[in-house]
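One structure is given here, and the rest of the page talks about it.
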Amino acid sequence: MAKRKQRTGAVQPQPLKTQKRMRRAKPICSCSSPRFTSSGPAFTCYEQDVWTEIAKFLDGKSLVMIAATCRWFHELVMEGCIWRYLCLRDLQVPAPRHPAAFDWKKLYISSFNGSHSYMFRQPEKHIDWMRIGAFFLESSSVLITERLSTPLKLPKEESVQQMLESCGSCVLNDAKPGIWIADLQLVRCPVCELNTCDGTMQTLDARHIELFLSEGYQDGSWEYELIGIQDVKKHVEGASGAIFDVKHLNDTSTSAVFNLNSWVGKANDWQPKAVITMHAVAVNTNLQKNEGLQVKHHVMRAGAGGEVVSIRISQQLL
């Protein structure tokens, strides 16, 4: 038989070729910082100052998570200037005049880790608490009072006890200036040792921001001392307490404390209320019919004759 002639120009089928996967010249690597790389993909178009500014928009928890990603971020996030900024921003207070005695990261942690003074002193007496906020003492003179009526006058008596007996207020001239943190504490009766006692005490508890990190506080050598006590032997509408920076007593922001209708609640509202301004803090709890109130004032000093680093105003029904 004659062979068929193949058509000219026909495309002949070609055997399939195995396609090889392209290999990268270099393996994929994680981003590296400009501090450790000379040629620059990734971070080289950024400066360390840029990342410092970005970090200031984050909270403490987010910063810790970033610090865990690599050594470069860890070194960046641990810089004191970032934690100083976060601390002042979240506490909403101005920067203190004098340098802090402790690392700002530690100050931030002690301010926002949920700790309060009764965790370290008489925890068995503690019932509940509420963080009020932070205020700023620019001067060393503070007015402590259990009365929120105006006009508020500075007492002139010689001793703290005499001041309290005459007008329910006293002035301390040796408080430590700087950032103070205020809490409202509810504790059991300090006299009765029985946990079944129904008696409770309301306490405005204010402390300097550095207190919990101080060695004297941690080892127990700094203790609270009673500086005055007052018995109000008649019906009291509310249990109130306030701390003012004397230098800013007449400031417009401080006047908000005396606008009771704006924050103390209605007469039948028994929940504790608090207000805080740049240079003052106050609390109030409306009371039902009662026979009076006992008010105690305690302070803690930074050692014998030292500055006042904590103030407590406690109230208990008679």
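Computed over heavy atoms, backbone and side chain alike; hydrogens, waters and symmetry mates excluded.
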Are the side chain of [X] and the backbone N or O of [Y] linked by a donor-acceptor pair below 3.5 Å?
X	Y	value
Asp219	Ser221	yes
Glu237	Leu287	no
His297	Ile229	no
Ser214	Gly216	no
Gln202	Ala239	yes
Trp180	Lys176	yes
Ser310	Ala206	yes
Ser240	Leu148	no
Arg131	Ser111	yes

Parallel, tilted or perpendicular: ring planes of Tyr217 versus Phe120, cut at 30 and 60 degrees: perpendicular

Are the side chains of [X] and [Y] in touch, meaning some heavy atoms are under 4.5 Å apart?
X	Y	answer
Gln161	Ser159	yes
Lys234	Val232	yes
Leu249	Leu143	yes
Arg188	Ile127	yes

Quick one: closest heavy-atom pair of [X] and [Y], and the distance?
X	Y	answer
Glu146	Gln315	CB-NE2, 4.1 Å
Thr254	His248	OG1-O, 2.8 Å
Ser139	Asp245	OG-OD1, 2.5 Å
Ile209	Ser110	O-OG, 4.1 Å
Leu213	Leu107	CD1-CD2, 3.6 Å
Trp83	Met78	NE1-CA, 4.0 Å

Non-neighbouring partners of Ser115 that pass side-chain hydrogen bond (donor to acceptor under 3.5 Å, both in side chains), sequence neighbours left out: Asn113

Checking Asp90 now: which residues fulfil side-chain hydrogen bond (donor to acceptor under 3.5 Å, both in side chains) with it, not counting sequence neighbours? Tyr108

Determine the sole option in Val295, Leu318, Asn290 for which the side chain to side chain contact (heavy atoms under 4.5 Å, CB included) test with Val236 is passed. Asn290

Of Thr203, Leu226, Leu164, the residue whose pairing with Lys296 passes side chain to side chain contact (heavy atoms under 4.5 Å, CB included): Leu226

For Asp174 and Ser140, does a side-chain donor sit closer than 3.5 Å to a side-chain acceptor? no

Distance-only donor-acceptor check, side chains Gln316 and Gln294, under 3.5 Å: no

Residues at least two apart in sequence or cross-chain that pass side chain to side chain contact (heavy atoms under 4.5 Å, CB included) with Glu225, listed by chain then number, are Ile227, Val299, Arg301

Taking only distance into account, with no hydrogens and no angle test, what donor-acceptor pairs under 3.5 Å do side-chain atoms of residues 255-267 form with protein atoms, sequence neighbours excluded?
unit_1 : atom_1 : unit_2 : atom_2 : d
Ser255 : OG     : Thr252 : O      : 2.4
Ser262 : OG     : Asn259 : O      : 2.6
Trp263 : NE1    : Val257 : O      : 3.1

Which side-chain N or O atoms in residues 59-67 pair as donor and acceptor under 3.5 Å with protein atoms at least two apart or in another chain?
unit_1 : atom_1 : unit_2 : atom_2 : d
Asp59  : OD1    : Ser62  : N      : 2.8
Asp59  : OD1    : Ser62  : OG     : 2.6

Looking at Tyr224, does the NZ or CZ of Arg207 lie under 6.0 angstrom from its six-membered ring centre and within 45 degrees of the ring axis? no

Spacing of [atom1] belonging to [X] relative to [atom2] belonging to [Y], to within rounding of 0.5 Å:
X	Y	atom1	atom2	value
Leu76	Cys70	CG	SG	9.0 Å
Gln218	Leu211	CD	CG	9.5 Å
Ile82	Cys87	CD1	SG	13.5 Å

Taking atom NZ as the centre, does Lys56 end up with more than 12 heavy-atom neighbours from other residues, nucleotides or ligands that are less than 6.0 angstrom away? yes

Are more than 12 heavy atoms from other residues, nucleotides or ligands located less than 6.0 Å from atom CD of Gln92? no

Go through the steps to decide whether Lys273 and Asp269 satisfy the test salt bridge (Lys or Arg N to Asp or Glu O under 4.0 Å), and finish with yes or no. CA-CA 10 Å; Lys273 299 294 191 298; Asp269 185 354; 2.7 Å; yes

Restricting to salt bridge (charged side-chain N to carboxylate O under 4.0 Å, His left out), what partner residues turn up for Glu291, sequence neighbours left out? none

For the ring pair Phe73 and Trp51, is the centre-to-centre distance below 6.0 Å? yes

